[in-house]
Amino acid sequence: MSEKRQLTQMMHIRTTPGVYNLLAQMAAKEGISLPSLCRKMWNQAIFEAYGKPLSPVIVPATRRETAPEDVQQLRGLRADLARLTGALVQAAIRCRETDAHALHSAVEAAINDNKQIGCDIDQVLRRLA
């Protein structure tokens with residue numbers, strides 16, 4: 001963020017998924033960011049209620065097109081993670097067979113971490129598709 005920004009105060013609000021999706025669609029249609037749309041709407045409502053003009057700050061939405069190579073690389077990394085998880089499963093089996101309980105616990109924790117990372121990667125891939 002620029003240090004010269006005039007927007008120094010922040011508000012956080014919660015909304016239902018339906019309202020959020022509607023606002024996100026409206027922002028995309030106008031080609032602005034979701035926060036900019038909310039500022040625009042709040043400024044308009046404040047002006048209508050109090051008659052005080054506010055200067056809305058509207059920031060154009062920035063989108064980076066995902067290149068097919070990026071998606072392919074992410075899929076390759078997901079496959080590498082799956083192979084690593086498989087190797088960790090084999091290590092966990094060997095640790096259990098040799099009664100290396102402390103090491104087994106560490107390997108099991110690494111397996112769970114890898115599974116979570118895999119789920120995160122899958123979620124990103126679904127979003128990009």
Side-chain angles (χ1 to χ4, degrees):
M1 290 286 161
S2 170
E3 292 185 21
K4 295 181 181 180
R5 257 191 109 137
Q6 296 176 4
L7 306 176
T8 59
Q9 302 302 312
M10 185 177 291
M11 291 188 330
H12 299 277
I13 62 168
R14 292 194 179 273
T15 184
T16 63
V19 170
Y20 180 88
N21 290 334
L22 177 65
L23 291 172
Q25 289 174 2
M26 291 170 63
K29 186 176 180 182
E30 290 192 35
I32 60 176
S33 66
L34 181 57
S36 291
L37 176 73
C38 291
R39 282 191 295 274
K40 178 180 174 182
M41 294 172 75
W42 289 327
N43 286 338
Q44 184 178 357
I46 290 169
F47 177 74
E48 290 173 2
Y50 300 104
K52 295 181 181 178
L54 299 174
S55 58
V57 178
I58 299 175
V59 179
T62 57
R63 294 182 185 248
R64 178 184 177 269
E65 291 298 321
T66 304
E69 303 86 44
D70 293 341
V71 174
Q72 289 302 329
Q73 184 176 13
L74 194 54
R75 287 183 179 141
L77 291 171
R78 178 63 176 98
D80 292 343
L81 182 69
R83 281 191 292 279
L84 176 61
T85 303
L88 287 171
V89 168
Q90 292 302 314
I93 292 170
R94 300 300 174 264
C95 290
R96 196 172 46 243
E97 291 173 349
T98 59
D99 293 327
H101 299 294
L103 185 55
H104 180 265
S105 296
V107 172
E108 285 290 328
I111 291 170
N112 289 334
D113 290 345
N114 277 12
K115 286 181 180 179
Q116 182 58 52
I117 293 168
C119 289
D120 294 344
I121 292 172
D122 292 342
Q123 186 177 21
V124 170
L125 283 169
R126 279 192 299 275
R127 206 171 48 236
L128 295 175

Would you give me the side-chain donor-acceptor pairs under 3.5 Å for residues 73-92, sequence neighbours excluded?
unit_1: R78; atom_1: NE; unit_2: G118; atom_2: O; d: 3.3
unit_1: R78; atom_1: NE; unit_2: D122; atom_2: OD1; d: 2.9
unit_1: R78; atom_1: NH2; unit_2: D122; atom_2: OD2; d: 3.3
unit_1: D80; atom_1: OD1; unit_2: R83; atom_2: NH2; d: 2.2
unit_1: T85; atom_1: OG1; unit_2: L81; atom_2: O; d: 2.9
unit_1: T85; atom_1: OG1; unit_2: N114; atom_2: ND2; d: 3.3

Sorted by chain and residue number, the salt bridge (Lys or Arg N to Asp or Glu O under 4.0 Å) partners of E30 (sequence neighbours excluded) come out as K40
Under 3.5 Å, which donor-acceptor pairs do the side chains of residues 13-29 form with other protein atoms, sequence neighbours left out?
unit_1: T16; atom_1: OG1; unit_2: V19; atom_2: N; d: 3.3
unit_1: N21; atom_1: ND2; unit_2: P17; atom_2: O; d: 3.2

Hits for side-chain hydrogen bond (donor to acceptor under 3.5 Å, both in side chains) against D120, two or more places apart or cross-chain, chain-then-number order -> Q116
Side-chain donor/acceptor pairs under 3.5 Å, residues 96-103, sequence neighbours excluded:
unit_1: R96; atom_1: NH1; unit_2: H104; atom_2: NE2; d: 3.4
unit_1: T98; atom_1: OG1; unit_2: R94; atom_2: O; d: 3.0
unit_1: T98; atom_1: OG1; unit_2: C95; atom_2: O; d: 3.3

